[in-house]
Each structure stands twice: as structure tokens, then as C-alpha cells.
*Asks:* 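What follows is a single structure, and I will ask about it in a moment.
We number each residue from 1, following the sequence as shown.
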Amino acid sequence: MSQNNQNGSSAVKTGPKKSFFQENEKSIIFIVAGIVVLILLYFGYQKLYLAPRAEKAANQMYQAEYYATIDSLQKKAIDGDGSFPGFKEIADEYSNTKSANVANAYLGGLYLRQKNFKEAIKYLEQYTETGSQVLDPLVIGLLGDAYSEEKIYDKAANYYKKAADKSANAYTTPIFLKKLGLVYEELQDYKNAEVAYQRIRDEYPESAESTTVDSFIALVQAKQQ
């Protein structure tokens, strides 16, 4: 009797160990197939759904933009005129398009002019930054204006600072820095107000804001003593 039989057992031969892929082949193929389907759906959504909607929104938006330039017709710019949609409909019906994004910026500005600050904030916060060195800082600055009017000065300060730093230039940056300084004064943060005003004097000496900024600096310095 062999030793294996004496022990009542026999050696079990095992084949080469399976790789992770071999052991999970069905699951992996299922996952990869799912990813491929999602990619196809995404590009189909972009090409067949978003692109036509974006073109339609752009074609319908020009009338609202015209109304926005005339004070007496700004309600039509927001709500439409019965034949052409206003910015509100474009923003709601054509979401995820560039036109809807621009419509949010228009709505924020128009509501701000109407002193409807809550609606202004609502639409301005729906704006998605595009990388534009002009529009992005302006929308951020408008949010600062809206929150300042609502007397939510801490948020206003954050937006003014972001707007000032977003796209530094001699036109908008000193405007936002001055508003930032004024908001800091409302918060009784005179040190940071001084910093904002000094940036105008040092970095933008040829701006209109720099002509009076020394008096603002002197005032906040006196308040720190």
C-alpha cells in the first residue's frame, strides 16, 4: 500500500493559477460594455439633442437682446413678447446651452436694475463661467452688487475680491476694488479696506477711482487708530 493510500488521501493536482481578468472576465466585459454605451449616449446627446437646441436658442435670442437695450422694453426682454421668447424662457427651456448661460447673465443684470435682488442672485448664480475675460468678472461683480444690496456683506466681499482678481485690467478691477473696500468698511474690517484702496492707488494710478482713493485710505487709517 502506498503512503498516499495509507494516509487515506491523495495529492490533488492544480492547474496554473487564473489571472484576475480570467476570474472576472464576465464582469469586466459587462463593465467595459456599459462604459462604451455611456460614451455613445453622451456623444449622441451632444450631437442630436444639445446642438439643435443650442442653435434654436441662439436664433431666438436676438429679439430679447434688443429689448434689453431699451429701458421701457426690459419686461419683454425678461418675459418675451408672445412671438419671441424672453431670457427667462431661454434660460429655462434651453438649459445646458451657451445661450441659456448668457440669458442667466442678462436676467441677473436686468433684475438687479429692477432692484429685485433675490431674482438677480438666483439667475447670476446659475451662470457658469466660460473663460471669458469680460463676461465672467462682470457676472461675479454683479453678484457682489446683489449681495451688497441685500446687506449680506461677507458674501459681497468674496464676490468683489474674486471679480477684481479674475481678469485684472485698468477698467473693471479698480471699480471692484473700490466696492470691495466699501463693503469691508461696512464689515468694520478697516485693515482689508485699506489694502483694497491701496491696490487702486498703487496698481491703477491712472484709473478714475484713483483720483479720490487717498481720502478713502486716510479715512480707514484713522478708524484703525
Side-chain angles (χ1 to χ4, degrees), residues 61 64-65 68-71 74 77 87 91 97-225:
M61 192 161 157
E65 289 180 314
T69 64
I70 304 172
D71 288 343
Q74 288 182 1
F87 291 125
T97 68
K98 291 181 180 179
S99 294
N101 198 37
V102 173
N104 285 325
Y106 270 115
L107 286 166
L110 290 169
Y111 279 125
L112 193 60
R113 291 181 67 179
Q114 294 179 1
K115 302 187 184 301
N116 189 340
F117 306 121
K118 287 184 171 55
E119 285 295 296
I121 290 169
K122 171 186 170 182
Y123 283 101
L124 290 170
E125 288 188 336
Q126 290 180 34
Y127 174 83
T128 302
E129 292 184 27
T130 63
S132 168
Q133 294 186 340
V134 177
L135 188 56
D136 287 356
L138 287 176
V139 171
I140 295 167
L142 288 177
L143 269 167
D145 290 341
Y147 277 113
S148 179
E149 293 289 350
E150 288 285 277
K151 302 187 186 304
I152 307 175
Y153 296 121
D154 54 342
K155 281 194 172 184
N158 289 336
Y159 281 114
Y160 284 142
K161 187 175 188 304
K162 186 178 178 182
D165 295 335
K166 189 70 177 177
S167 178
N169 62 80
Y171 176 65
T172 61
T173 301
I175 293 173
F176 293 135
L177 286 173
K178 184 175 181 180
K179 291 182 176 183
L180 177 61
L182 292 171
V183 166
Y184 276 137
E185 287 195 57
E186 290 291 341
L187 292 168
Q188 298 184 353
D189 186 349
Y190 303 119
K191 182 177 181 181
N192 275 322
E194 182 182 357
V195 170
Y197 295 142
Q198 284 181 335
R199 280 190 62 189
I200 297 173
R201 184 184 64 186
D202 298 341
E203 298 175 26
Y204 303 98
E206 296 181 0
S207 66
E209 288 70 27
S210 69
T211 59
T212 58
V213 76
D214 283 340
S215 61
F216 287 88
I217 293 172
L219 181 64
V220 293
Q221 285 177 339
K223 290 180 178 179
Q224 293 178 71
Q225 296 174 357

*Asks:* What is the minimum heavy-atom distance between Asn104 and Gln126, and which atoms define it?
*Replies:*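 In terms of heavy atoms, the two residues are closest at ND2-O, 3.6 Å.
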*Asks:* For Leu135 and Ala105, which heavy atoms make the closest approach, and how far apart are they?
*Replies:*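 Where Leu135 meets Ala105 most closely, the heavy atoms are CD1-CB, 4.4 Å.
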*Asks:* For the residue pair Gln221 and Gln225, confirm or rule out a side-chain donor-acceptor distance under 3.5 Å.
*Replies:*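 No, Gln225 and Gln221 have no side-chain donor paired with an acceptor closer than 3.5 Å.
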*Asks:* So, do Tyr147 and Tyr159 have ring centers that fall under 6.0 Å from each other?
*Replies:*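 Between Tyr159 and Tyr147, which both carry aromatic rings, the centre distance is below 6.0 Å.
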*Asks:* Could you check Asp202, Leu180, Leu182 and say which one makes a side-chain contact (heavy atoms from CB on, under 4.5 Å) with Tyr197?
*Replies:*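 The single option meeting the side-chain contact (heavy atoms from CB on, under 4.5 Å) with Tyr197 is Leu182.
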*Asks:* Please report the shortest heavy-atom distance between Arg199 and Asp165, naming the atom on each side.
*Replies:*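 Smallest interatomic distance, heavy atoms only, reads NH1-OD1, 3.1 Å.
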*Asks:* Please walk me through it: do Tyr111 and Phe117 pass ring pair (Phe, Tyr, Trp, His ring centres under 6.0 Å)?
*Replies:* CA-CA 7 Å; Tyr111 279 125; Phe117 306 121; over 10 Å; no
*Asks:* Between OG1 of Thr128 and CG of Asn101, what distance do you get to the nearest 0.5 Å?
*Replies:*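 Here the interatomic distance stands at 4.5 Å.
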*Asks:* Give a yes or no answer on whether the side chain of Thr173 reaches the backbone of Asn169 with a donor-acceptor pair at less than 3.5 Å.
*Replies:*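 Answer holds: yes.
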*Asks:* For Lys191, does the NZ atom sit with more than 12 other heavy atoms under 6.0 Å from it, leaving out its own atoms?
*Replies:*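 Counting neighbours around NZ of Lys191, 12 or fewer heavy atoms of other residues, nucleotides or ligands fall under 6.0 Å, so no.
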*Asks:* Any salt bridge between Glu129 and Lys166, counting N to O under 4.0 Å?
*Replies:*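 Answer for the salt bridge query: yes.
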*Asks:* Do Asp136 and Gln133 have side-chain N/O donor and acceptor atoms under 3.5 Å apart?
*Replies:*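 Result is no, nothing qualifies.
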*Asks:* Please give me the minimum heavy-atom distance between Pro174 and Ile200, naming the atom from each residue.
*Replies:*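 Here Pro174 and Ile200 meet closest at O-CD1, 3.6 Å.
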*Asks:* Salt bridge check: are Glu150 and Lys118 linked by an N-O gap of less than 4.0 Å?
*Replies:*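 Counted as a salt bridge, because a side-chain N and a carboxylate O are separated by less than 4.0 Å.
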